[in-house]
Amino acid sequence: MTPADAVIGALTVVFAGLGAFFFLVGTLGLLRLPDFFSRTHAATKCDTVGAGSLLLALALYNGLDADSLKIIAIAGLVLLTSPTSGHALARAAFRTGLVPWRKERAGEEAS
Amino acid sequence: MKRALVAALLIVAAIPLLSIVAELPPHAAPDSPAYTHVSAHYLEHGAEEAGAENIVTDVILNYRGFDTNGEVTVIFTALAAVLAILLLPSEERVEERPAPAMPVSMVVRFVVRLLAPFIALFAVYVIMNGHVTPGGGFQGGTILGALVIALTIVLGEDEAHRLLPRPARPWLQAAAPLTFVVIGIAGIAVVGSYLGFPAEEPWQWVRTAWLVILEIGIGVGGGAIIGTLFWTMEAER
């Protein structure tokens, strides 16, 4: 194994671990956060940072060829579309009158 | 008394059913009829007999093309039924549509405009490459339909309606069944049977061309039908 291979292998592990971490955090947020807005926020983190890191790790692992270019293109597509759909969802919810959750109001609503 | 009778009838009905289940070949047994009749033949000879490297395309367009012909006709009939119900002339229909309650977000508009050419390219690729890789007319047509819906939301209805000129619309909506009929009749003329594909040595390119034409017909028809359904239901809102 040449030093270059070792560096690429280490970067692959780092990015794959980062992606897995963000998917874990995003899933926890989707399950545990209090309202629609914060859950949307958590779920879109999975797609952008999580999937982005994982795809980057795959491209690094695969080396420099046409398949890696396709993987990078998919990552670019995900980076464009996922925040857009998250934005559209949150905007539609806010404009149709969904009130964001606030900590100080949490008690009143429950009672 | 009644309950006992019902129980007895159930047992009488259950005995033959259970005995038949016991006769069935075990799950996933390699010698079960499902794996020994046509499937094995399709997998071994499909590419050379039917003309497409994608076995699914071989089955739906060549071996069972007649079935797919009926299928696309059913889809077109479903569109006709929906239009017949939703386009009933009503007295209270207002000519001017109210402005949408919420303007389209700048972000959404920018991203859809940026990605629309790529989505269209992907749809064409899925349709045209369906005889080689997974995909084909049905899948590509759905992508086209989704593109029509996204563009309608972003550009507004009037602008989007200009993408599909009104006189061409019925032909586009009926594209799939029409293509099947045309290729089917061409099969009668050339091979002697409806939806027959020429398979002899120098004419294999004709077979490939016909498969691609069928895929295009299915794709265009499917996209036009999905788009029209969306427009009709939006106008109904």
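Please read all numbers here as calculations on a predicted model, not as lab measurements. Per chain, numbering begins at 1; letters A, B, ... match sequence-line order.
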Crowded around L31(A) CG? As in, over 12 foreign heavy atoms under 6.0 Å? yes

Taking side chain as everything from C-beta outward and backbone as N, CA, C, O, which of these in V111(B) sits under 4.5 Å from a heavy atom of chain A? Side chain, backbone, both or neither. side chain

In terms of heavy-atom contacts, does CZ of F37(A) have more than 12 from other residues, nucleotides or ligands at under 6.0 Å? yes

How about H87(A): does its NE2 atom have over 12 heavy atoms from other parts shown lying under 6.0 Å from it? yes

Any residue of residues 112-146 of chain B which, by heavy atoms, sits under 4.5 Å from chain A: L114(B), L115(B)

May I ask you to check whether over 12 heavy atoms, not counting those of R64(B), lie within 6.0 Å of atom CZ? no

